[in-house]
Amino acid sequence: MRRYYGKFVGRVEAVWSEGGRTMTLTQPLEYVDPTGVEWLAPSGSTVDGASIPRFIWPLTGGPFEGDNRKASVIHEVACNVKERPWEQVHETFYCALRAGGVGNVQAQILYAAVHHFGPRWPSQELPAPKTWMTERDFDDLKTRIETRAESGIPLTLAEIRDFQPPVHRVPGH
């Protein structure tokens, strides 16, 4: 049985800026997550793909390409508005990717990238934590996601969040 990841209401309708670096929605886009929570990207929202770390784009496709597009728009607007905790916004991005047709491995890699390198903001109680992960550590995590998927036992989102990279030793030390 296929897990339900939510649904989109509407489609991405936008106009590109003169320079082609940003787009402004001309119609609202909504995502209803698996628990029924509504995530709205209202008409007039401007997005530039910055909520997804740029170094990941060559691996998964840019934020405005293919099945990533709707989830990327919802994620970026939620990151800009900051009405919900950053952890919830990033996890919803994963579900929205899956609802949009992105395969599990690619969705997990994108989730790992935004969780470890994406925007963070303080909650009411705590300041935003800093990431400790390097791009080399991320490569190790990406490999782990792919290896576990090949084994038939994919990583959970909790395992992706809690990933500890192997110790990198300097040759000769």
Side-chain angles (χ1 to χ4, degrees), residues 2-123 127-131 133-135 137-139 141-142 145-146 157 160-161:
R2 186 169 188 258
R3 181 176 166 199
Y4 178 67
Y5 289 102
K7 66 178 183 177
F8 288 95
V9 178
R11 60 183 201 191
V12 176
E13 293 186 38
V15 293
W16 289 95
S17 66
E18 234 4 81
R21 183 63 188 106
T22 63
M23 67 178 191
T24 301
L25 297 180
T26 59
Q27 296 293 316
L29 175 66
E30 182 179 3
Y31 169 67
V32 181
D33 74 20
T35 65
V37 173
E38 297 173 352
W39 298 76
L40 181 64
S43 179
S45 299
T46 299
V47 294
D48 64 4
S51 68
I52 299 174
R54 197 178 245 332
F55 78 87
I56 197 77
W57 293 11
L59 302 175
T60 61
F64 302 125
E65 298 174 14
D67 294 336
N68 298 346
R69 184 178 339 204
K70 287 181 179 179
S72 295
V73 168
I74 292 294
H75 182 254
E76 185 162 336
V77 169
C79 286
N80 291 341
V81 173
K82 299 176 179 66
E83 289 179 348
R84 296 180 171 118
W86 66 269
E87 300 93 339
Q88 182 185 9
V89 169
H90 297 336
E91 190 165 331
T92 296
F93 176 57
Y94 169 80
C95 290
L97 286 163
R98 298 291 284 137
V102 175
N104 189 53
V105 171
Q106 183 175 344
Q108 285 190 334
I109 291 168
L110 282 162
Y111 169 74
V114 299
H115 179 80
H116 291 290
F117 294 97
R120 296 177 176 203
W121 49 91
S123 68
K130 301 291 183 206
T131 188
M133 187 176 278
T134 66
E135 286 186 35
D137 296 331
F138 181 80
D139 288 341
L141 175 53
K142 178 182 171 292
I145 290 168
E146 293 166 339
L157 297 186
I160 291 169
R161 285 190 297 269

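None of the values given here were measured: they were computed from a predicted structure. The first residue in the sequence is number 1, and the count goes up from there.
- Interatomic distance, CD of Glu87 versus CH2 of Trp121, reported as 8.5 Å (0.5 Å rounding).
- A distance of 9.0 Å separates CG in Leu97 from OH in Tyr31, rounded to the nearest 0.5 Å.
- Contact detail for Met23 and Ala14: the closest heavy-atom pair is SD-CB, 3.8 Å.
- Pairs engaging residues 46-72 under the salt bridge (charged side-chain N to carboxylate O under 4.0 Å, His left out) rule: none recorded [sequence neighbours left out].
- Closest approach of Cys79 and Val89 over heavy atoms only: SG-CG1, 3.9 Å.
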Can you give each donor-acceptor pair under 3.5 Å made by side-chain atoms of residues 4-13, sequence neighbours left out, with the distance rounded to 0.1 Å?
from, atom 1, to, atom 2, distance (Å)
Arg11, NE, Glu13, OE2, 3.1

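- Applying the ring pair (Phe, Tyr, Trp, His ring centres under 6.0 Å) rule to Trp16 yields the partners Phe64; only residues at least two apart in sequence or on another chain are considered.
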Residues 108-118, side-chain donor-acceptor partners within the protein, below 3.5 Å, at least two apart:
from, atom 1, to, atom 2, distance (Å)
Gln108, NE2, Leu155, O, 2.6
Tyr111, OH, Arg161, NH1, 3.1
His116, NE2, Ile160, O, 2.9

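- Residues satisfying the salt bridge (Lys or Arg N to Asp or Glu O under 4.0 Å) test with Glu146, not counting sequence neighbours, are Lys142.
- Inter-residue side-chain proximity for Thr92 and His75 is flagged as unmet; no heavy-atom pair is nearer than 4.5 Å.
- Scanning both residues, Val102 and Arg98, for their nearest heavy atoms gives O-NH1, 2.8 Å.
- Taking OG of Ser45 as the start and CG of Leu29 as the end, the distance is 9.5 Å to the nearest 0.5 Å.
- Although no hydrogens or angles enter the test, the distance criterion places a donor-acceptor pair under 3.5 Å between the side chain of Trp57 and the main chain of Ile52.
- A 4.5 Å side-chain heavy-atom check between Trp86 and Pro122 finds every atom pair outside the cut-off.
- One finds the CD atom of Glu38 at 11.0 Å from the CD1 atom of Ile74 (value rounded to the nearest 0.5 Å).
- Shown here for Leu40 and Pro42, the closest heavy-atom pair between the two residues is O-CD, 3.5 Å.
- With sequence neighbours excluded, no residue forms a side chain to side chain donor-acceptor pair (under 3.5 Å) with Thr26.
- Cys95 has its side chain out of reach of Asp33: every pair of non-hydrogen atoms, C-beta onward, lies at least 4.5 Å apart.
- With Thr46 as reference, Thr24 is the one residue of Asn80, Thr22, Thr24 to meet the side chain to side chain donor-acceptor pair (under 3.5 Å) rule.
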